[in-house]
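Chain naming here is simple, since letters A, B, ... match the order of the sequence lines and numbering starts at 1 in each.
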Amino acid sequence: MLRRIPQFSHHLIYLQTNRPFTTLQLTFNSFPPNSSDSNTPRCNVHLHHALQEMCVQGLNMKFKHYDAVLNECVNHKSLRGGQRVQAHMMKTHYLPPVYLRTRLIVLYVKCEVLSDARMVFDEMPVRNVVSWTAMISGYTKSGLYSEALSLFVEMLRSGTCPNEFTFATVLTSCMGAFGFEYGRQIHSLIVKSPFELHMYVGSSLLDLYAKSGRIHEARIIFEGLPERDVVSCTAIISGYAQLGHDREALDLFCTLQREGMASNYVTYACVVTALSGLAAFEYGRQVHGHVLRSELSFCTVLQNSLIDMYSKCGNLNYARSIFDKMQERTVISWNAMLAGYSKHGMGKAVVDLYNMMREENKISPDSTTLLAVLSGCSHGGMENKGLKYFDEMAGKYATKLGIEHYGCVIDLLGRAGQLERALQFIEEIPFKPNAAIWGSLLGACRVHQNIGVGKIAGNRLLELEPENAGNYVILCNLYASNGKWDEVRKVRELMKEQAVMKEPGKSWIEFGRTLHTFYASDRSHPRKEEVLSKVRQLSDRIKEVGYKPELSSVLYDVDEEQKEKMLLGHSEKLALAFAMMNVSEAKPIRIMKNLRICVDCHNFARFVSQVYVREILIRDKSRFHHIVNGVCSCGDYW
DNA sequence: GTAGGGTTAG
């Protein structure tokens, strides 16, 4: 009879081990055999009933029976099942061995009830490496990293030797809790262990090194692995991508693929992230093609990263068509699409999509969603709408608001020219204002030429971030454009004293299946002479219609002629000139820049787009500038 | 029985 009912089939093993207990057979047989579906919830219900029956009957169960029932519970993630088994053990005064207690821990960890798992763990008279590891893994999976690490320390003190499972688990907790130093200590423990570097331990270890910025050491561990698999390969690629070494990530992916590396959706997600950083549209389309031809095309995680990639390549239509076709959307899908519109300054599209999300009412917004909406209103020039949303959020989602959201409000007020109000708002926010807050206020002061507030913001900013050259530049711009030359000199001297390190500015464009990168005053590109003379030619032409070099953008104390020369060497101008020489007139020019675009280059690009009738897209560190007919989508505010 | 890599935002 049992064989006829599919949903009971996996209980057969259990029943076979319980042949003497006819009551149990009765328990199973008494369930209505009318249902032909074998879905898990139903099985769970039956399992519960069976366990309940066992308790009622007070059956004298032994190890193998408990083991079989617990197996079922683990398979079905049945929390109540586990609790009933435990209750049954207590009732019948059965003292479970280490193995069964460990199974209970595993079950509770799987059901994400750590308190129950810990209770079983604490009551164990004897523990083995598996029980320790299962408990540590529970904490790690729930993000309780310091608990995981202190349990690991306790384990060492108790004299239990960690195995490769323990190390692989505990290493993933290091970055989350005490950072790298703990990781290094565990690394030396691993080196002293009797086993060879296990692949799982190795990939966990290289991931730790990569995540703490030590990519070179991570690479050495990767090269030294006894063998490679998808996870270890993905970990090293992801290491490069997450540090922004997108080029290296892409190159390594190509090399490993040639060497026969297997890829799965995580691998592709990492590569797509690297491509987003590079804004390599053509490469991106190729990888997308691979994905479409594989069985991964409906993978939500991958679709999310593709949406982000196309947005960051400036192709919102592609991004939206993926978004629209998704069978299942997560909050990340919405966030990626919203952020895409936001970066392009498409405030209305952000608001429409946010409303659509709320109307669908399937997924509730998280703090990233709220940030995308606020920054979308800010980038899109919808100050009042943004402030209105913020008031609404402060009521409804107060717990989800962090300092970044308040930063957006400063942006919104700044954009609206309400600088005093912004300054007052900073006093009122429930966080300690950081560099981003003061930086955004200073930026607004530059645009609205407010020296009073600008001076306050600038000084606070220089206290917080004395090493960031960009801050000095903006403050100097503000003073210079108001003729405050004494102040300009003071800021310059301050900068010299602080020995400011500046991230070298670079711009790049994708052309002919290659990424062409230009650095300020570049001497490295094979066609540098040609490119420089093209910049001069463009400059001469647009000067005829009113372009004036913004000399205050140059911080060095040199004469005006020299300043103009330095401005002409800015990387985005080189990239633009290169594009004007190569990209067909029918196509928009797409330029990427690693820092924020400077005022002079922005003017330059606007004039070029007008005089030569070209559509120019520049993606800088914070947003897109879509320039058509001399008008930029940022409204000259960024 | 216990284990490693991942997507949005700044």
*asked:* Can you list everything that forms a side chain to side chain contact (heavy atoms under 4.5 Å, CB included) with A:Ser305? Sequence neighbours excluded, please.
replied: A:Ala269, A:Val272, A:Leu302
*Between A:Glu112 and A:Lys141, is there a side-chain N and carboxylate O pair less than 4.0 Å apart?*
no
_Output one letter per nucleotide in nucleotides 3-10 of chain B: B when a protein non-hydrogen atom lies under 4.0 Å from the base, S when only the sugar-phosphate is that close, - when neither is._
BBBBBBBS
*Verify whether the ring centers belonging to A:Trp132 and A:Phe152 lie closer than 6.0 Å.*
no
*For A:Val98, which contact category applies under a 4.0 Å heavy-atom criterion: base, sugar-phosphate, or nothing?*
base
*Using 4.0 Å as the upper bound for N to carboxylate O, is an ion pair formed by A:Arg101 and A:Glu123?*
no
Run the side-chain donor-acceptor check on residues 188-199 of chain A: report pairs under 3.5 Å with partners two or more places apart or on a different chain.
unit_1: A:Ser188; atom_1: OG; unit_2: A:Gln185; atom_2: O; d: 2.7
unit_1: A:Ser193; atom_1: OG; unit_2: A:Leu189; atom_2: O; d: 2.9
unit_1: A:Ser193; atom_1: OG; unit_2: A:Ile190; atom_2: O; d: 3.3
unit_1: A:His198; atom_1: ND1; unit_2: A:Tyr200; atom_2: N; d: 3.0

